[in-house]
Amino acid sequence: DKITPIQVKNHVVICGFSILGRVIANDLKERKIPFVIISDDLRHVLLGRKLGYMAYFGHLDKLPVLESLKVDEASSVIITVSDTHIKRLICEAVLKFHSEANILLKIESLDEKSQLKDLNIKKFVHAHFEVGRLLVQEALVNLENK
């Protein structure tokens with residue numbers, strides 16, 4: 001959890017670098033939006049670095065990590081981790097550090113959203129609803145083209 005402070009502002013912090021984190025990083029890279037990755041999985045950190053990203057090993061619920069990644073100067077914090085308890089720990093730490101943080105949180109269910117609704121989360125993104133919506137959108141495009 002010892003990270004040299006980064007020299008970036010108005011960046012996106014991606015918490016978690018499994019498949020969803022990788023998709024987000026790739027999209028941000030294509031859009032030329034600065035971002036930093038934090039993960040507690042060393043394999044993911046090494047992969048991120050191999051891909052040329054600023055990727056760090058650590059836990060976003062730790063004050064030194066929040067300070068080093070300049071979360072208070074980030075445009076957004078995208079949390080892609082799956083465990084609800086870990087999500088809560090991270091969100092609480094981020095909000096304690098920077099009460100107006102723009103947290104974008106992936107959720108798996110409405111029950112999970114209900115469990116986290118007491119937090120000042122700017123945007124909940126329901127993974128299954130969003131994928132379902134995109135699939136229907138693509139089906140409609142195909143239907144219109146026939």
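What you see below is based on every heavy atom in this structure, not just the backbone, and it leaves out hydrogens, waters and symmetry mates. Keep in mind the model is a prediction, meaning the values are calculated, not measured.
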Trainee: Kindly work out whether a path of hydrophobic side-chain contacts (I/L/V/M/F/W/Y, heavy atoms less than 4.5 Å apart) joins Val125 to Ile78.
Mentor: no
Trainee: Taking the side chain as C-beta and beyond, is there a heavy-atom pair between Ile90 and Cys15 under 4.5 Å?
Mentor: yes
Trainee: Could you check if a side-chain atom of Asp72 sits within less than 4.5 angstrom of a side-chain atom of Glu100, using non-hydrogen atoms only?
Mentor: no
Trainee: Could you check whether Thr84 and Glu112, counting side-chain N and O atoms only, form a donor-acceptor pair closer than 3.5 Å?
Mentor: yes
Trainee: What do you reckon, is NZ of Lys113 surrounded by more than 12 foreign heavy atoms closer than 6.0 Å?
Mentor: no
Trainee: Could you check whether any side-chain N or O of Arg133 sits under 3.5 Å from a backbone N or O of His128, counting only pairs where one atom can act as donor and the other as acceptor?
Mentor: no
Trainee: Quick one: closest heavy-atom pair of Ile103 and Val94, and the distance?
Mentor: CD1-CG1, 3.8 Å
Trainee: Do the charged groups of Arg31 and Asp27 touch, with an N to O distance under 4.0 Å?
Mentor: yes
Trainee: Counting heavy atoms not belonging to Ile19, are there more than 12 under 6.0 Å from its CD1?
Mentor: no
Trainee: To the nearest 0.5 Å, tell me how far Phe35 CZ sits from Ile24 CD1.
Mentor: 10.5 Å
Trainee: Got Ile37 and Tyr56 here, is their nearest side-chain heavy-atom distance under 4.5 Å?
Mentor: no
Trainee: Let me confirm one number: the CD1-SG distance from Ile121 to Cys91, rounded to the nearest 0.5 Å.
Mentor: 3.5 Å
Trainee: Under the side-chain contact (heavy atoms from CB on, under 4.5 Å) test against Leu66, which residue among Leu60, Asp61, Val77 passes?
Mentor: Leu60
Trainee: Quick one: do Ile79 and Leu20 end up in the same hydrophobic cluster if we chain Ile, Leu, Val, Met, Phe, Trp and Tyr together by side-chain heavy atoms under 4.5 Å apart?
Mentor: no
Trainee: Is Ser76 reaching over with its side chain to a backbone N or O of Val12, donor-acceptor style, under 3.5 angstrom?
Mentor: no
Trainee: Walk me through it: do Ile38 and Val65 pass the test side chain to side chain contact (heavy atoms under 4.5 Å, CB included)?
Mentor: CA-CA 9 Å; Ile38 184 74; Val65 174; 3.8 Å; yes
Trainee: Are the charged groups of Lys96 and Glu92 less than 4.0 angstrom apart, N to O?
Mentor: no
Trainee: Would a 4.5 Å heavy-atom cut-off, applied to side chains only, mark Lys70 and Gln7 as touching?
Mentor: yes
Trainee: Can you tell if the side chain of Ser75 reaches within under 4.5 Å of the side chain of Asn102, non-hydrogen atoms only?
Mentor: no
Trainee: Quick check: closest heavy atoms across Gly16 and Val81, and the distance to 0.1 Å?
Mentor: CA-CG1, 4.4 Å
Trainee: What is the minimum heavy-atom distance between Val13 and Ala74, and which atoms define it?
Mentor: CG2-CB, 4.0 Å
Trainee: Return the OG1 to CZ distance between Thr80 and Phe17, rounded to the nearest 0.5 Å.
Mentor: 9.5 Å
Trainee: Is it true that, when you exclude Lys29 itself, more than 12 heavy atoms of the residues, nucleotides or ligands shown sit nearer than 6.0 Å to its NZ?
Mentor: no
Trainee: Considering all heavy atoms of both residues, which atom of Arg22 and which atom of Leu47 are nearest to each other, and what is their separation?
Mentor: NE-CD2, 3.4 Å
Trainee: With salt bridge (Lys or Arg N to Asp or Glu O under 4.0 Å) as the test, would you mind laying out the steps for Arg88 and Asp118 before giving the verdict?
Mentor: CA-CA 10 Å; Arg88 174 171 285 284; Asp118 61 306; 2.7 Å; yes
Trainee: Answer yes if Val36 and Ile3 sit in the same cluster of Ile, Leu, Val, Met, Phe, Trp and Tyr residues linked by side chain heavy atoms under 4.5 Å apart, and no otherwise.
Mentor: yes
Trainee: Give me the atom names and distance for the closest heavy-atom approach of Ser39 to His44.
Mentor: OG-CB, 3.8 Å
Trainee: Applying the 4.5 Å side-chain criterion to the ILVMFWY set and letting contacts propagate, would Val8 and Leu51 be lumped into a single cluster?
Mentor: no
Trainee: Is there a side-chain contact between Leu28 and Tyr53 (heavy atoms, below 4.5 Å)?
Mentor: no
Trainee: So, Ser99 side chain and Leu95 main chain: donor-acceptor pair closer than 3.5 Å or not?
Mentor: no
Trainee: Begin with the C-alpha distance, continue with both residues' side-chain angles, and end with the deciding distance and a verdict on side chain to side chain contact (heavy atoms under 4.5 Å, CB included) for Phe129 and Leu134.
Mentor: CA-CA 9 Å; Phe129 284 170; Leu134 287 171; over 6 Å; no
Trainee: If Ile, Leu, Val, Met, Phe, Trp and Tyr residues are connected whenever their side-chain heavy atoms lie under 4.5 Å apart, and connections chain through other members, are Val23 and Leu105 in the same group?
Mentor: no
Trainee: Any pair with a residue in residues 76-121 that passes ring-ring contact (aromatic ring centres under 6.0 Å, His included), sequence neighbours left out, goes on the list, sorted by first then second residue, please.
Mentor: none
Trainee: Please examine the side chains of Ser82 and Lys106, heavy atoms only from C-beta on, and report whether any two atoms are closer than 4.5 Å.
Mentor: yes
Trainee: On the 0 to 90° scale, with breaks at 30° and 60°, tag the His59-Phe57 ring pair as parallel, tilted or perpendicular.
Mentor: perpendicular
Trainee: Give the minimum heavy-atom separation between Lys87 and Ile107, together with the two atoms involved.
Mentor: NZ-CA, 3.8 Å
